[in-house]
2 protein chains.
Amino acid sequence: MKRATLKEVAQLAGVSTATVSNVINSKKYVSSEVKQQVFSAMQTLNYQPNTIAKSLRKQESRIVGLLISDIANPFFASVAKGIEKELADNDYNVLLCNTDSSVERERENLEGLIGKRIDGLIVSSAGNTGDYFRSLEETGVPIVFLNRCPQFMNCDVILTNNMRGAYNATEHLIRHGYQRIGIITGPTSLSTGKDRLTGYRRALEDYGVTEQEDLVKEGRFDIESGYEKMKELMEQENKPDALFISNNSMTLGGYKYLREKGIRIPEQLAVIVFDDPEWAELVDPPVTAVRQPSYELGMQAAKLMMASIKDRKTKHDIMYMDPALIVRQSCGCPAVS
Amino acid sequence: MKRATLKEVAQLAGVSTATVSNVINSKKYVSSEVKQQVFSAMQTLNYQPNTIAKSLRKQESRIVGLLISDIANPFFASVAKGIEKELADNDYNVLLCNTDSSVERERENLEGLIGKRIDGLIVSSAGNTGDYFRSLEETGVPIVFLNRCPQFMNCDVILTNNMRGAYNATEHLIRHGYQRIGIITGPTSLSTGKDRLTGYRRALEDYGVTEQEDLVKEGRFDIESGYEKMKELMEQENKPDALFISNNSMTLGGYKYLREKGIRIPEQLAVIVFDDPEWAELVDPPVTAVRQPSYELGMQAAKLMMASIKDRKTKHDIMYMDPALIVRQSCGCPAVS
DNA sequence: CGCTTTTGTTTAATCGTTTAACTAAACTTG
DNA sequence: CAAGTTTAGTTAAACGATTAAACAAAAGCG
């Protein structure tokens with residue numbers, strides 16, 4: 001069954017298409033008689049306006065692209081949920097693109113999205129430079145960067161205060177008297193990876209602890225590299241007595257290794273992790289975590305986006321959300337402070 | 001900066017729009033001279049075809065709607081990832097709609113998607129009847145139901161073999177000698193909830209165990225109800241000695257309660273859960289789980305969708321994916337068999 | 001050399017809306 | 001009551017692509 005068009009509705013109601021359009025969008029004043037006619041015509045034809053045609057004419061798609069590395073990562077899933085909610089409330093839809101952290105796929109997806117004439121893009125880029133976003137930006141499409149901070153562009157950025165989160169975590173470990181505090185960090189090509197590492201370093205500095213090079217391992221924010229790096233750390237001469245892990249996925253990998261080897265937490269190794277997924281309090285032992293407000297992060301990103309699209313906001317912000325340290329049992333006795 | 005149109009490219013290249021179109025889509029034979037001209041014009045104007053116009057003309061959007069209850073649930077997140085991957089490989093995009101299990105929002109979203117003229121819909125409905133999908137189906141848009149089985153419609157359905165999964169889990173508990181095997185099931189208005197309950201019952205029957213009404217609790221597939229129902233079970237006279245929990249979220253809630261009360265698994269309560277999220281082997285104790293092939297489920301759903309869209313497949317399938325029982329430590333000693 | 005066929009390109013209609021510009025009727029108003 | 005204003009609705013041109021049909025030039029052919 002073909003869908004009815006506005007024209008057909010107009011014919012049936014015995015009016016012009018313009019009038020039908022006006023009725024639908026309640027633009028101009030239309031007599032209630034005619035309105036009734038139109039409504040009933042719409043009813044009988046089961047008319048549903050064609051958004052594509054509308055988009056073409058109005059030059060807006062009411063679609064926002066979402067470019068993220070891994071929707072299966074609970075952090076991103078939660079972010080996506082926040083974004084979807086906020087956008088839906090404003091009658092915008094989300095086009096989901098998963099990049100698997102591949103710059104290649106990111107670029108391809110971006111091209112597709114440009115073609116689709118998205119009204120905005122929310123992105124947590126896999127790349128470090130992000131120069132290929134330029135061509136989108138130049139056409140006036142607002143971009144919100146999520147937990148990634150491109151150097152040069154004039155667009156909104158929303159970030160967890162990664163440095164502070166990492167600083168607090170490290171500080172916590174220092175205050176508990178740990179001497180050899182290691183870190184499994186993310187790719188330093190990403191601002192999240194870099195900032196968390198910086199936070200860790202600042203804390204060490206501030207407390208006069210000298211950094212030990214072999215206690216700093218760079219992973220790839222995924223499960224496998226978490227396992228690998230944990231292995232490296234625990235098999236080397238100079239083992240850490242405490243460890244800060246930079247995200248949830250690497251924690252899964254790391255914990256896996258520790259479990260296999262029967263290494264006890266926190267007796268043999270104290271652990272604090274960045275991200276606070278729902279399983280954090282159920283693993284053995286419950287893990288002390290730096291919680292990013294992921295859902296709120298998504299909502300805020302979407303709000304910034306709406307402000308750019310609807311209110312034509314052109315002054316762009318960089319917005320920090322503060323993470324919270326949730327102390328559980330993986331980081332040593334609740335002493336000192 | 002306005003985006004260039006095909007017309008402008010044509011002008012610059014000194015040819016007609018039809019020719020440019022032909023070059024882009026390599027439809028008809030175009031002399032390589034002209035081709036060069038067109039390409040270079042496209043280059044200098046930084047031309048990106050407008051998909052919206054194309055959609056309108058060709059009457060296809062190359063967008064598939066995805067309607068799910070909660071993208072933050074790792075099961076759905078993984079499903080979504082599989083769908084996105086498979087669709088992207090076929091040059092289709094995913095429009096993500098989160099319904100929060102609200103039939104209301106589901107209906108609203110559906111309307112929006114119809115307006116957007118999606119080429120297909122993949123849905124894990126929150127409702128039981130799903131009659132409002134009819135209007136979409138009638139226009140010839142293929143629908144794939146995911147883990148939900150509407151009675152009447154002529155569309156593809158892809159299901160985890162919920163009954164078998166639940167049966168196997170229950171059987172496993174019975175064979176380990178448990179006497180009072182309980183279940184926290186999902187809403188029986190959903191086929192997932194119902195089928196898992198049925199599987200549980202069949203197993204009991206087959207082994208001549210009589211069902212005890214007060215050991216069967218119906219949750220809502222979310223964390224809160226998991227906590228509630230676990231509480232009810234463990235505070236009543238007739239406590240279970242083993243429990244089958246119907247999904248991952250309710251497990252989180254249930255485990256939370258057990259941890260609070262210091263109830264030991266499996267000594268005081270053996271547990272098997274449906275779904276095998278990434279944290280399953282890290283919680284204390286690692287949980288025996290019925291693993292649904294979530295990513296593959298998503299991929300298959302997308303494949304069915306592509307078959308319907310591209311190959312005009314009209315004969316529709318109901319496809320079962322078999323879950324696997326992953327035995328860990330939460331369900332008693334690895335004895336018997 | 002004329003005739004058909006092939007090749008390469010153009011013309012113009014179309015997809016389903018919105019909206020600026022226009023019109024005709026009804027209503028004010030001095 | 002003539003002139004201006006308001007009201008309620010129509011006409012037709014966009015938006016940016018695709019594509020059937022038309023066409024001109026070149027090639028093939030006896």
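Note on naming: letters A, B, ... go to the chains in the order of the sequence lines (proteins, then strands), and numbering restarts at 1 for each one. If you're wondering where the values come from, they're calculated on a predicted model, not measured in any experiment.
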### Message
Suppose we screen for salt bridge (Lys or Arg N to Asp or Glu O under 4.0 Å). Which residues come up paired with B:Arg134, at least two apart in sequence or across chains?
### Response
B:Glu137
## Note on the structure
Protein heavy-atom contacts under 4.0 Å, written 5' to 3' over nucleotides 17-26 of chain C as B (base), S (sugar-phosphate only) or - (none), form the string BBB-B-----
### Summary
Applying salt bridge (Lys or Arg N to Asp or Glu O under 4.0 Å) to A:Lys35 and not counting sequence neighbours gives none
### Query
Going 5' to 3' on DNA chain D, which nucleotide is the first and which the last to come under 4.0 Å of a heavy atom in chain B?
D:dG16 to D:dA21
### Query
Under the ring pair (Phe, Tyr, Trp, His ring centres under 6.0 Å) test, which residues partner B:Phe145, sequence neighbours left out?
B:Phe133
#### Entry: Gap between atom OG1 of B:Thr19 and atom CD1 of B:Ile24 - 0.5 Å precision
11.0 Å
### Query
Taking only residues two or more places apart in sequence, or in another chain, which ones meet B:Asp222 in a salt bridge (Lys or Arg N to Asp or Glu O under 4.0 Å)?
B:Arg220
### Task
With sequence neighbours excluded, give me every salt bridge (Lys or Arg N to Asp or Glu O under 4.0 Å) pair touching residues 53-76 of chain A.
A:Glu60-A:Arg62, A:Asp70-B:Lys81
### Query
What salt bridge (Lys or Arg N to Asp or Glu O under 4.0 Å) pairs are there with at least one residue in residues 95-105 of chain A, not counting sequence neighbours?
A:Asp100-A:Arg105, A:Arg105-B:Glu84
#### Entry: Under the side chain to side chain donor-acceptor pair (under 3.5 Å) test, residues paired with B:Ser61 that sit two or more places apart
B:Asp119
### Query
Which value, rounded to the nearest 0.5 Å, describes the distance between B:Leu113 atom CG and B:Leu67 atom CG?
6.5 Å
### Message
Are more than 12 heavy atoms, taken from residues, nucleotides or ligands other than A:Lys315, located less than 6.0 Å from that residue's NZ atom?
### Response
no
### Task
Please list residues of residues 108-116 of chain A whose heavy atoms come under 4.0 Å from any atom in DNA chain D, ordered by number; otherwise none.
none
## Note on the structure
the helix from C:dC1-D:dG30 to C:dG30-D:dC1: angle between terminal helix axes, five bp per end, to the nearest 10 degrees, reads 50°
### Query
Can you list the residues that meet the salt bridge (Lys or Arg N to Asp or Glu O under 4.0 Å) rule with A:Lys85, with sequence neighbours excluded?
A:Asp89
### Message
Nearest 0.5 Å, please: how far is CG in A:Leu95 from CG in A:Leu66?
### Response
9.0 Å
